[in-house]
Amino acid sequence: MSTIQIILLLIIAAITGIGSVLDEGQTHRPLIACSLVGAVLGDLKTGIILGGTLEMMALGWMNVGLAMAPDTAIASVISTILVITAHQGVGEGIAVAIALAAAGQALTIFVRTLTVFLIHRADKYAEEGNFKGIEIMHITAMAFQALRVMIPTLIVALISVSAVQSFLGHIPEVITKGLQLGGGIIVVVGYAMVINMMNIPHLKPFFYIGFLLAAFTNFNLVGFGALGLCLALLYQQVMQRNNLQPAATQVAVGHTNAYDDDDLDA
């Protein structure tokens with residue numbers, strides 16, 4: 001791995017770490033993080049496949065109350081590095097990602113605990129009217145979140161490929177198979193959540209059409225994406241035309257009534 005690649009990976013790690021608390025850009029999502037790492041390491045295809053698989057798993061990972069969800073940022077970045085550099089399969093990547101997400105969960109709790117001190121300092125600066133101090137506290141807190149992902153990424157990037165392969169090879173098969181099965185179950189739950197959010201009666205035929213085409217044709221994902229876009233545009237045009245027709249009818253009737261009233265008045 002070259003120096004430029006390591007620098008780019010650290011930049012991606014920082015962006016994903018900050019994105020995991022900002023949430024606005026969704027840069028910590030596996031599909032984005034894994035794809036960026038794959039592009040840097042020269043294997044975009046593997047990055048997208050691993051990111052898409054982890055994305056379906058991560059749909060069920062969310063913060064509920066005070067419970068912290070598994071960390072998708074560390075899981076996405078480091079698992080993609082390990083899979084691509086060690087020439088492992090997506091199944092091994094899922095197994096590693098689940099373990100990394102659990103470890104990252106403990107790490108993010110530790111970092112968020114440290115930021116409590118920064119929050120109190122920011123409150124003190126707010127009482128003093130020190131806006132510069134408040135900005136410094138905010139930037140420092142984001143820097144902690146960036147380092148949370150950057151440091152483990154740097155450690156993994158500096159490890160030799162043979163060491164990574166040896167480490168992954170010494171993981172018992174019962175553990176890797178179990179994690180893969182557990183990851184598959186989580187993926188099914190993620191699909192179920194998506195279908196539940198799509199539980200709109202007048203949109204269900206599109207879901208059934210897509211399912212039938214996937215089962216009985218050889219369409220790839222690009223073809224399905226283009227077909228979905230065309231159907232969405234067609235549906236939008238039909239709905240807009242149907243919404244405009246009653247208004248146009250009312251206008252026409254209104255003009256007719258006004259014309260008839262003028263005749264009666266005359």
Side-chain angles (χ1 to χ4, degrees), residues 1-63 69-105 107-108 111 139 141-161 164-165 167-168 183 186-187 190 194 220-222 224-225 229:
M1 190 180 302
S2 65
T3 304
I4 296 178
Q5 286 179 322
I6 294 176
I7 294 174
L8 292 176
L9 289 177
L10 292 178
I11 294 174
I12 294 172
I15 294 173
T16 56
I18 295 174
S20 63
V21 292
L22 294 181
D23 289 333
E24 183 177 359
Q26 296 293 306
T27 55
H28 65 292
R29 302 303 304 178
L31 185 58
I32 297 177
C34 294
S35 300
L36 292 176
V37 174
V40 171
L41 296 179
D43 194 351
L44 180 61
K45 179 181 178 180
T46 301
I48 293 175
I49 294 174
L50 181 59
T53 306
L54 293 178
E55 186 69 42
M56 298 309 303
M57 296 171 54
L59 287 175
W61 295 351
M62 61 187 68
N63 298 332
D71 188 8
T72 58
I74 290 181
S76 302
V77 174
I78 297 182
S79 64
T80 308
I81 295 175
L82 294 176
V83 167
I84 294 177
T85 56
H87 304 288
Q88 299 293 318
V90 176
E92 287 77 6
I94 294 174
V96 174
I98 295 175
L100 290 171
Q105 182 181 22
L107 185 58
T108 188
V111 173
I139 295 174
M142 287 192 295
F144 282 168
Q145 294 294 339
L147 292 173
R148 174 179 62 85
V149 185
M150 290 177 66
I151 293 176
T153 301
L154 179 61
I155 295 173
V156 173
L158 295 177
I159 297 176
S160 62
V161 177
V164 174
Q165 291 176 340
F167 169 74
L168 295 176
I186 297 175
V187 171
V194 173
N220 55 21
L221 293 179
V222 177
F224 275 116
L229 179 61

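The basis for the numbers below is simple: all heavy atoms, side chains too, and nothing from hydrogens, waters or symmetry mates.
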Q) Measuring from Ile32:CD1 to Ser76:OG, what's the distance to the nearest 0.5 Å? A) 10.0 Å
**Q.** Minimal non-hydrogen separation, Ser35 against Ile48, with atom names
**A.** OG-CG1, 3.5 Å
Q. Which atom names give the shortest non-hydrogen contact between Ile84 and Gly38, and what distance separates them?
A. CD1-CA, 3.7 Å
Q: Please report the closest heavy-atom contact between Leu147 and Pro152, naming both atoms and the distance.
A: O-CD, 4.0 Å
Q. Hey, what do you get for SG (Cys34) to CD1 (Ile78), rounding to the nearest 0.5 Å?
A. 11.5 Å
Q) Atom CZ in Arg148, atom CD1 in Ile18: separation rounded to 0.5 Å? A) 10.0 Å
For residues 4-14, which side-chain donor-acceptor pairs fall under 3.5 Å, sequence neighbours excluded?
{"unit_1": "Gln5", "atom_1": "OE1", "unit_2": "Ser2", "atom_2": "N", "d": "3.2"}
{"unit_1": "Gln5", "atom_1": "NE2", "unit_2": "Val40", "atom_2": "O", "d": "3.1"}

Q: First locate atom OG1 of Thr16, then atom CG of Leu36, and finally report the distance between them rounded to the nearest 0.5 Å.
A: 9.0 Å
**Q.** Shortest non-hydrogen contact from Thr80 toward Gly47
**A.** CG2-CA, 4.3 Å
